[in-house]
*Asks:* 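Questions regarding the structure given below will be posed in turn.
Note that the structure is a prediction, hence the values are computed from the model and not measured. Count residues from 1 along the sequence.
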Amino acid sequence: MLEQHHKSQRRGFYVKMNLFHHKHAYNYNYKLNQHFTSYKWLLWLSLSLYFFTSFFTTQTTSQSHHVAPRTLNNMKVFIYELPSKYNTDWLTNQRCSTHLFASEVAIHRALLTSQFRTFDPHQADFFFVPVYVSCNFSTVNGFPAISHARNLISSAVQLISTQHPFWNRTNGSDHVFVASHDFGACFHSLEDVAMQHGIPETMKNSIVLQTFGVEHHHPCQQVQNVVIPPYVSPETVRNTLAKNSPLNGRRDIFAFFRGKMEVHPKNISGRFYSKRVRTAIWRKFSGDRRFYLKRHRFAGYQSEIARSVFCLCPLGWAPWSPRLVESVLLGCVPVIISDGIRLPFSSAVRWPDISVRVAEKDVGKLGRILERVAATNLTAIQRNLWDPRTRRALMFNEEVQEGDATWQVMVSLSEKLGRSYRRSTVSGELVSDT
């Protein structure tokens, strides 16, 4: 009976619920339909906004990293045909086109056969002045001697300003030079002297493509400038990769550096090389089995880079070095030890995602820092590093290839079209300040 009573109660509850349902069925279904319709509209609106903003964000990001082809295709550069004493005569020394400062040669060569070149100066957005100043190699130490650079460039400007009208109409603001050595257009290898000399008056209103760049105020970048990578021979890199394991192959060196490391960093002039950083690295880690440190030159050092997980890139006299590019091209994580350095093509190369930065004051902690990276996010860094688009952006080729270093130069120049006289005749405004 008790069981039957409970069944009856449950049945009664069920019946009451059904009666309630039938009684309010119309209102309930109507309200449900209203809610469902509102939900559909809300869902549609949310998804629309999501896809719209995603598309917009993607487009904006894409445009910030890669200028639309139409913009680049419409850009034109006129290349002055200077007497050979300003450029090609220097090529009798083969090193002129292959050493770390050779971007001045590589950019010139690539532009000569590029889609960006125009033979009509009236159609040009920019005017390229091809002067090679880094090929006067010292007979004493073999390093480039650039004491002649100021006079050579001044002579070139005198020539083009008297034989053509294009320099004078803008005071050179749409003219482009390359200064691919230690402290850019200051034309000296020692920073204090370079700062004292400053940038030549003839170049101060122009655009300078230079390997030197820092994030703070500096007299050697008080000019419209684009930071470019040092030159590394594509052929040499290809040969090294062909002889060694693939980029994602086994690497048996944990941390690598080969180069000048002074035991006593103060030289005869009283200056401290590398701000003592390289000396600190040598003293702290030369006996550490994790570190492969060599103080002497070796022609096959790129094969060592290709075997290494981390490649140390400390400053020398200047904040930059070719190791930055060589490391990336050969798949070794660059460890940048150079406070305040401004790196090339930051809109195309995601430096924070492919490198490790260590403050100069923290070089004594390098071992712990690199071990921590290896244990945490090394895989992600290597995946980004081995992206072919990243390597392409830092390599100068004989002919311009989409996305390569000369292409990135053109992308950077496209952001300075306000300095173009040709564009100003349309917009009515010319930007000439530095």
*Asks:* Using 0.5 Å steps for rounding, measure from the CD1 atom of Ile199 to the CG atom of Asn225.
*Replies:*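 Answer rounded to 0.5 Å: 7.5 Å.
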*Asks:* Between atom CG of Leu378 and atom CD of Glu371, what is the distance when rounded to the nearest 0.5 Å?
*Replies:*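 So the gap between those two atoms works out to 11.0 Å.
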*Asks:* What I'd like to find out is whether the side chain of Leu209 reaches to under 4.5 Å of the side chain of Val176, using heavy atoms alone.
*Replies:*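 They are in contact (side-chain heavy atoms under 4.5 Å apart), so the answer is yes.
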*Asks:* Between Tyr80 and His164, is a ring pair (Phe, Tyr, Trp, His ring centres under 6.0 Å) present by the stated rule, with each step listed?
*Replies:* CA-CA 10 Å; Tyr80 285 108; His164 304 276; 5.3 Å; yes
*Asks:* Less than 6.0 Å separating the ring centroids of His175 and Phe166?
*Replies:*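 When the ring centroids of His175 and Phe166 are compared, they turn out to be at least 6.0 Å apart.
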*Asks:* Taking Leu315's backbone N and O only, do any of them form a donor-acceptor pair with Trp320's side chain (distance below 3.5 Å, no angle check)?
*Replies:*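 Side chain of Trp320 to backbone of Leu315, a donor-acceptor pair under 3.5 Å: no, none is there.
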*Asks:* Anything under 30° is parallel, anything over 60° is perpendicular, the rest tilted; go ahead and classify Phe187 against His181.
*Replies:*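 It falls in the tilted class, 30° to 60°.
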*Asks:* What residue among Phe256, Phe285, Trp282, Phe257 forms ring-ring contact (aromatic ring centres under 6.0 Å, His included) with Phe291?
*Replies:*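 Running ring-ring contact (aromatic ring centres under 6.0 Å, His included) over Phe256, Phe285, Trp282, Phe257 with Phe291 returns exactly one hit, Phe285.
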*Asks:* Quick one, Arg150 and Ser154 - any side-chain contact, counting heavy atoms below 4.5 Å?
*Replies:*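 Side-chain contact under 4.5 Å: no.
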*Asks:* Taking only Lys NZ, Arg NE, NH1 and NH2, and the carboxylate oxygens of Asp or Glu, determine whether Arg271 and Glu262 approach each other closer than 4.0 Å.
*Replies:*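 No salt bridge links Arg271 with Glu262.
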*Asks:* So how far is it from His99 NE2 to Cys135 SG, rounded to the nearest 0.5 Å?
*Replies:*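 It comes to 4.5 Å.
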*Asks:* Any side-chain heavy atom of Val223 within less than 4.5 Å of one from Ser206?
*Replies:*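 No; the side chains remain at least 4.5 Å from each other.
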*Asks:* How about NZ on Lys260, more than 12 heavy atoms from neighbouring residues, nucleotides or ligands closer than 6.0 Å, or not?
*Replies:*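 Count over threshold, so yes.
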*Asks:* Could you state the interatomic distance from CD (Gln163) to CG (Leu82), rounded to the nearest 0.5 Å?
*Replies:*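 Output value for this atom pair is 9.0 Å.
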*Asks:* Could you give the distance from CD (Glu191) to SG (Cys186), rounded to the nearest 0.5 Å?
*Replies:*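 Glu191 atom CD to Cys186 atom SG measures 9.5 Å (nearest 0.5 Å).
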*Asks:* Are the side chain of Glu360 and the backbone N or O of Asp339 linked by a donor-acceptor pair below 3.5 Å?
*Replies:*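 It does hold such a pair.
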*Asks:* Do the charged groups of Lys204 and Glu201 touch, with an N to O distance under 4.0 Å?
*Replies:*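 Result for this pair is yes, salt bridge flagged.
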*Asks:* Roughly how far apart are Trp167 CH2 and Asp174 CG, rounded to 0.5 Å?
*Replies:*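 Answer for the CH2-CG pair, Trp167 versus Asp174, is 9.0 Å.
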